[in-house]
Number of protein chains: 2
Amino acid sequence: MILSGFAIRHKIVGGGHRQILSIHMRGEAVDLQNTLLRTSDHSVQMLSRGDVALIARSKIEQLAFERPAVGKAMWIDTLVDASIHREWVANIGRRDAKTRIAHLLCELSLRLKVAGLGDQDNYEMPLTQEQLADATGLTPVHVNRSIKYLEAEGLIERISPRSITIGDWRKLADFGDFNSQYLHLQDGEPALA
Amino acid sequence: MILSGFAIRHKIVGGGHRQILSIHMRGEAVDLQNTLLRTSDHSVQMLSRGDVALIARSKIEQLAFERPAVGKAMWIDTLVDASIHREWVANIGRRDAKTRIAHLLCELSLRLKVAGLGDQDNYEMPLTQEQLADATGLTPVHVNRSIKYLEAEGLIERISPRSITIGDWRKLADFGDFNSQYLHLQDGEPALA
DNA sequence: CGAAAACTTGATTCCGTTCAACACATGTGG
DNA sequence: CCACATGTGTTGAACGGAATCAAGTTTTCG
C-alpha cells in the first residue's frame with residue numbers, strides 16, 4: 001500500500017529490454033496479485049523515495065473473507081487493475097507512438113488528480129522519458145520526439161521537461177483516443193461498487 | 001462460462017484497428033470483470049459456434065461471499081487473468097514479431113493442453129492469421145511471414161495451415177522467450193490456491 | 001462445384017530504431 | 001568555488017522491421 005511516492009511493476013524480457021506493466025501512486029495497493037498467487041510473475045519497484053505500508057498476507061485474506069464489503073472492494077481493485085492492463089495492451093498494440101504517449105498523458109492526468117497529486121490540466125510527470133519509453137514499448141528517443149510533437153501541435157505545454165500543462169483537455173483526449181471509462185472512476189473517485 | 005468453442009475479448013481503437021485482449025477456452029469464466037464492474041470496457045465474442053453457460057450476477061456475488069472457498073477461487077481466477085494481461089503487455093511491447101508469435105504459440109500450447117483440447121506439441125490453432133495479428137499487434141501479412149519463418153527454422157511444422165506441431169518444445173520456448181510461470185498452473189492444472 | 005474466406009508471396013514505403021553528439025541541470029569531492 | 005562526473009533531455013542522420021499495396025493460391029464449406 002503506497003502512502004507517498006510512485007511505484008512501478010515491470011518485467012525484463014529476453015533481449016534485456018524492460019517493459020513497465022503499471023504505474024502506482026498514493027493510495028493504491030500494488031501487490032494483491034503477489035499476495036494471493038504465491039509465485040510472483042514480475043517485479044515491483046519504487047521510482048523515488050516514498051513510504052509504503054506492508055500488510056501481512058494472512059491479514060489480507062482474513063479481512064477479505066470476514067468483512068464482505070472489504071473483500072468486495074479488494075476484488076474490485078484487482079478488476080480495475082486488470083482493466084487498465086487491457087487498455088495498455090490496446091494502447092501498445094494498436095496505437096501509433098504519438099497517440100500512445102498522448103493517451104498515457106491523459107491517464108496520468110486523471111489518476112494524479114484522483115490521488116490528489118496534481119490538477120487535471122497541470123501536473124508533474126513522475127516518469128523520466130526513458131521510463132515512459134519502457135511503459136509504452138518505444139525508445140527514449142522516440143518518446144522525446146513524440147512529446148515534442150505534441151508540444152509543437154499545442155496539445156501540451158512544458159515550462160520544464162517534467163511539467164505537463166494541458167491547454168485543451170478535450171483536444172488531447174481526442175488526439176490520444178482516450179476514454180476514461182476503463183479507469184472505472186465514479187464522480188472522480190475510485191470505483192467501489 | 002465456456003463449455004465448448006473459443007471466445008475472445010477485444011477492443012476497437014480510434015483508427016478502427018482491433019486489439020484482441022485475451023483468448024478463452026473451455027472451462028474458463030470469461031466475464032467476471034463485467035459482472036462486478038458495472039460498465040463494460042471491452043467486447044466479448046465467440047470465435048466459432050460453441051456453448052456457454054450464463055450465470056446471473058447476483059448468483060455470482062452470493063456464491064462468492066457465502067462460500068469462501070468458491071470466492072477465493074473466483075478471485076484467483078481474476079488474478080491469473082491479470083497476470084496473463086501483463087505478459088501480453090510485455091510480449092507486445094518488447095518482443096519482435098517472430099518472438100512474439102512463438103511466445104503466443106507456446107501459451108496456446110499449454111492452455112489447450114490444460115483444457116484437454118490438444119497435445120502440448122501438436123494442436124489445432126483456434127485463430128485465423130488475421131486474429132493472430134489482432135492479438136499480437138501485428139498485420140496479418142507479417143504474422144504469416146513470422147509463422148513461415150518459424151517453420152523454415154524447424155521450430156514448428158504444419159501439415160495444414162492451422163495445425164501446429166512443435167518438434168522440440170524447449171527450443172520453441174527458448175526462441176519465444178517463454179516461461180510458463182505467468183500462467184500460474186500447478187501440475188498442469190489451473191491454480192486454485 | 002463454386003464462392004468466399006483464409007493463406008501466401010512480392011515490391012515498396014514508412015514509422016520507429018539505432019547510433020552518435022551535444023545540451024543542460026544537479027550534485028559531489030577536491 | 002570550480003572541475004568533473006552523472007543522469008536526463010534534445011537533436012540529426014542512417015537504417016531496418018513491420019506496414020502497406022497488390023496479386024495470386026489454397027482451403028473451407030454451403
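Every chain is numbered from 1, with letters handed out A, B, ... down the list of sequences. Worth saying up front: this structure is predicted, and the values here are computed from it rather than measured.
- Every pair tested for salt bridge (charged side-chain N to carboxylate O under 4.0 Å, His left out) that includes a residue from residues 48-60 of chain A fails, sequence neighbours excluded, so the list is empty.
- OP1 or OP2 of C:dT8 lies within a sub-4.0 Å distance of a side-chain N or O belonging to B:N144.
- With sequence neighbours left out, the side chain to side chain contact (heavy atoms under 4.5 Å, CB included) criterion links B:S22 to B:R9, B:H24, B:H85.
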Under 3.5 Å donor-acceptor pairs involving side-chain atoms of residues 113-124 of chain A, not counting sequence neighbours:
{"from": "A:K113", "atom 1": "NZ", "to": "A:Q120", "atom 2": "OE1", "distance (Å)": "2.8"}
{"from": "A:Y123", "atom 1": "OH", "to": "A:L105", "atom 2": "O", "distance (Å)": "2.8"}

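- A:Q129 has its CD atom 10 Å from the P atom of D:dT11, to the nearest Å.
- Atom P of nucleotide D:dA19 and atom CG of B:D134 are separated by 11 Å, given to the nearest angstrom.
- Atom CG in A:L47 sits roughly 16 Å away from atom P in D:dG7 (whole-Å rounding).
- Listed by chain and residue number, B:D96 satisfy the side-chain hydrogen bond (donor to acceptor under 3.5 Å, both in side chains) test with B:T99 (two or more places apart in sequence, or in another chain).
- Partners of B:V141 under the side chain to side chain contact (heavy atoms under 4.5 Å, CB included) rule, at least two apart in sequence or in another chain, are B:T139, B:R145.
- Between the P atom of D:dT8 and the CE atom of A:M125 lies a distance of 14 Å, rounded to the nearest Å.
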Check nucleotides 12-17 of chain C against the protein and report each pair of N or O atoms closer than 3.5 Å, with its distance, or say if there are none.
{"from": "C:dG16", "atom 1": "OP1", "to": "A:A97", "atom 2": "N", "distance (Å)": "2.9"}
{"from": "C:dG16", "atom 1": "OP2", "to": "A:H142", "atom 2": "NE2", "distance (Å)": "3.4"}
{"from": "C:dT17", "atom 1": "OP1", "to": "A:T139", "atom 2": "N", "distance (Å)": "3.3"}
{"from": "C:dT17", "atom 1": "OP2", "to": "A:T139", "atom 2": "N", "distance (Å)": "3.2"}
{"from": "C:dT17", "atom 1": "OP2", "to": "A:T139", "atom 2": "OG1", "distance (Å)": "2.8"}

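- If you measure from atom OH of A:Y149 to atom C1' of D:dG9, you get 21 Å, rounded to the nearest angstrom.
- Residues satisfying the side chain to side chain contact (heavy atoms under 4.5 Å, CB included) test with A:A53, not counting sequence neighbours, are A:M1, A:L3.
- The stretch residues 170-179 of chain B participates, sequence neighbours left out, in these side-chain hydrogen bond (donor to acceptor under 3.5 Å, both in side chains) pairs: B:R95-B:D177, B:R170-B:D174.
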Taking only N/O atoms, report every protein-nucleotides 26-30 of chain D pair under 3.5 Å with atom names and distance.
none

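- In this structure, A:H42 and B:Y182 have side chains that are not in contact, with every pair of non-hydrogen atoms separated by 4.5 Å or more.
- One end of the helix from C:dC1-D:dG30 to C:dG30-D:dC1 points its axis 40° away from the other end's axis, with each axis taken from 5 pairs and the angle rounded to 10°.
- For the pair B:H103 and B:F175, the minimum side-chain heavy-atom distance is 4.5 Å or more.
- Taking atom NZ of B:K148 as the reference point, atom P of C:dC7 lies 11 Å away to the nearest angstrom.
- Every side chain to side chain contact (heavy atoms under 4.5 Å, CB included) that A:S146 has, sequence neighbours left out, goes to A:A97, A:K98, A:I101, A:H142.
- The distance between atom CD1 of B:I147 and atom C1' of D:dA18, rounded to the nearest whole Å, is 15 Å.
- Residue pairs meeting the salt bridge (charged side-chain N to carboxylate O under 4.0 Å, His left out) criterion with at least one member in residues 152-166 of chain A, sequence neighbours excluded, are A:E151-A:R158.
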